[in-house]
There are 2 protein chains.
Amino acid sequence: MTNSKSDTEKVILEAARKVFIRKGLDGARMQEIADEAGINKALLHYYFRSKEKLFKMVFREAMGKFFPSMLMILGSQDIAIEKKVEVFIEHYIRIIQENPFIPSFIIGELNKNPGQLTEFFVESGMDTSRVSFIIEEVLAKELKISTQQARHLVVNIIALSVFPFVSRPLLEKIIFHSNKDEFDQFVSERKSVIMNLIGTSIYR
Amino acid sequence: MTNSKSDTEKVILEAARKVFIRKGLDGARMQEIADEAGINKALLHYYFRSKEKLFKMVFREAMGKFFPSMLMILGSQDIAIEKKVEVFIEHYIRIIQENPFIPSFIIGELNKNPGQLTEFFVESGMDTSRVSFIIEEVLAKELKISTQQARHLVVNIIALSVFPFVSRPLLEKIIFHSNKDEFDQFVSERKSVIMNLIGTSIYR
DNA sequence: GTCTATACGGTGATAGAC
DNA sequence: GTCTATCACCGTATAGAC
């Protein structure tokens, strides 16, 4: 049983990623994906039965890039909390820099169809209660803060890390005057800015 | 010359808002907007020539809810900087609470079609250089920080205020277990959380 | 101004040859 | 496995009656 995907299948998935992540489920066209992959529409349906199925592959893969490592880092019991926050921020900014359009893709699709979130967690066998456990039993206890404060902490870290990428078109235009280099420079400074901000909120 | 819009026009715009903001340009259907307004498709085209024109109305209106007041608050020269930040956060969280789906709508559409941002600023007669002026000449000078630090400050404030709403489906599911009341409670605490965080980064 | 009916171009999906 | 041709449907937009 060779589970190795054929080349064509990989090419299609790569093309689908590109198009779906840029245009979203509704905006994407099977024709465009076929063109991007250098094949024809019929072949798309031969490998993946429908647009929806192909989309789910891409969406699930995108979700998978973020969640498991998030839980792994925050949930690890053998790293000091200070270090943990640092590793988390470092890891996230790197992942997002490598996949800059995925956050807005995920957020956009979830806002249009929140139901697929439940679906995702069920089908991928992930346990949402693990997040609560980490917040309540790991972060709150280690930092000696309330559950609610730990929630704000986690949301703050993610917000500060992710938001610049999600709102990139806006920031690039109105703050950096469409200068991509300045935006990149800005992003490269984020880690230390966030560390400082979060640091002072933890150690006081 | 009575510029007052007819009732039908207002009803259509209200319906268009609802549908476009939920589903986006690509996901929205003229039929759905017609149903929502209690009329038929033909009448939509009678009042607004095309789907695109109707969308632009909604998009421009949504943008207008956020930008002018943002510039007004941050740019005002007669309020102390500490108070200014407070007013800004207060104002923003209130505006977003009243229009919770607009930020993700704007961000989603801008990511799919960044070009319309330029278009918006040109057509609305707004000046993007005003933002730079405020950051460089007002915030940086008042706080005695660098231009770049002032940029991080502005992005931090907006990120912390806006992100919970943009990522609401995700947060509600994995942190609050679909309990809307807990999410609302969380949001109501954001103002003071953000003020504390930003405060310590300003006065040190 | 508002409606019904319809034109017309896409779009996802399938049939069938090679 | 991969292609061309085609189908059935949907979505925007318009024509024309009232």
Side-chain angles (χ1 to χ4, degrees), chain A residues 1-62 105 108-109 112-113 115-116 119, chain B residues 1-62 105 108-109 112-113 115-116 119:
Chain A
M1 54 162 245
T2 61
N3 264 356
S4 65
K5 288 173 183 165
S6 74
D7 270 7
T8 307
E9 198 170 340
K10 277 187 267 180
V11 169
I12 291 176
L13 271 173
E14 180 58 33
R17 247 176 247 130
K18 210 166 186 172
V19 176
F20 275 130
I21 288 176
R22 288 219 173 240
K23 309 262 181 100
L25 171 59
D26 296 324
R29 294 288 163 254
M30 292 298 265
Q31 184 61 61
E32 195 181 349
I33 296 175
D35 292 347
E36 181 74 37
I39 54 163
N40 55 64
K41 278 191 298 176
L43 211 51
L44 290 184
H45 286 91
Y46 173 80
Y47 279 95
F48 306 86
R49 271 173 39 83
S50 67
K51 182 184 182 184
E52 202 194 338
K53 285 217 172 26
L54 184 52
F55 172 79
K56 274 192 185 171
M57 291 280 183
V58 174
F59 181 75
R60 170 183 293 211
E61 186 189 59
F105 168 66
E109 295 304 320
K112 272 188 297 197
N113 180 9
Q116 66 190 315
E119 206 178 313
Chain B
M1 55 160 244
T2 61
N3 264 354
S4 65
K5 290 174 182 165
S6 73
D7 270 7
T8 308
E9 200 171 338
K10 278 187 267 180
V11 169
I12 291 176
L13 271 173
E14 179 58 33
R17 247 175 247 130
K18 209 167 187 169
V19 176
F20 276 129
I21 288 176
R22 289 224 169 239
K23 308 262 181 101
L25 171 58
D26 296 324
R29 295 288 161 255
M30 292 298 265
Q31 184 61 60
E32 195 180 347
I33 295 175
D35 292 347
E36 181 74 37
I39 56 164
N40 57 63
K41 281 190 292 177
L43 212 52
L44 291 184
H45 287 89
Y46 174 80
Y47 279 94
F48 306 85
R49 269 174 40 81
S50 67
K51 182 185 181 183
E52 202 194 336
K53 285 215 173 24
L54 184 52
F55 172 78
K56 274 192 186 171
M57 292 279 183
V58 173
F59 180 76
R60 170 181 294 212
E61 187 189 59
F105 168 66
E109 295 304 321
K112 271 187 297 196
N113 181 9
Q116 67 191 312
E119 206 177 314

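Bear in mind the structure is a predicted one, so any value in this text is a computation, not a measurement. Only this structure's heavy atoms are used, side chains among them; waters, hydrogens and symmetry mates stay out. A note on names: the letters A, B, ... follow the listed sequences, proteins ahead of strands, and every chain is numbered from 1.
Out of C:dT2, D:dC3, D:dT2, the shortest distance to the side chain of A:Ile39 is found at D:dC3. Across D:dC3, C:dT11, D:dT12, the shortest atom-to-atom separation from the side chain of A:Arg29 is found for C:dT11. Closest approach to the A:His45 side chain among C:dT14, D:dT2, C:dG1 is made by C:dT14 (side chain taken as heavy atoms from C-beta onward). Among the nucleotides C:dC3, D:dT12, C:dA13, the one closest to any side-chain atom of B:Leu43 is C:dC3. Side-chain proximity of B:Asn40 to the nucleotides C:dT4, C:dG1, D:dT14 is greatest for C:dT4. Checked against C:dT2, C:dC3, D:dA13, the side chain of B:Ala42 finds its nearest nucleotide in C:dC3. Among the nucleotides D:dT14, C:dT14, D:dA13, the one closest to any side-chain atom of B:Lys51 is D:dA13.
Look at CD1 on B:Ile12: it is 10 Å from C1' on C:dG1, rounded to the nearest Å. The NZ atom of B:Lys10 sits 13 Å away from the P atom of C:dG1 (whole-angstrom rounding). The interatomic distance linking B:Phe55 (CZ) with D:dA13 (P) rounds to 14 Å, in whole Å. Computed from coordinates, the B:Tyr46 OH to D:dC18 P distance equals 19 Å when rounded to whole Å. Atom CD of B:Glu52 and atom P of D:dG11 are 19 Å apart (whole Å). Nucleotide C:dA5 holds its P atom 14 Å from the CD atom of B:Gln31, rounded to whole Å. In this structure, A:Met30 places its CE atom 16 Å from C1' of D:dC3, rounding to the nearest Å. Distance CD (A:Glu32) to C1' (C:dG12): 15 Å, rounded to an integer number of Å.
Ion pairing of A:Lys112 with A:Asp26 is present here, as a side-chain N (NZ or NE/NH1/NH2) and a carboxylate O approach within less than 4.0 Å.
The side-chain contact (heavy atoms from CB on, under 4.5 Å) check on A:Lys18 picks up A:Glu36, with sequence neighbours excluded.
Residue contacts for B:Ala28: at a heavy-atom cut-off of 4.0 Å it reaches the sugar-phosphate backbone alone, with no base atom in range. A:Ser6 comes within 4.0 angstrom of no nucleic acid atom, judged by non-hydrogen atoms across all strands.
Across every non-hydrogen atom of A:Phe105 and A:Ile21, the tightest pair is CD1-CA, 3.6 Å. Across all their heavy atoms, B:Ala28 and B:Val19 have their closest contact at CB-CG1, 3.7 Å.
Looking only at side-chain heavy atoms (C-beta outward), A:Arg29 and A:Lys23 stay at 4.5 Å or farther from each other.
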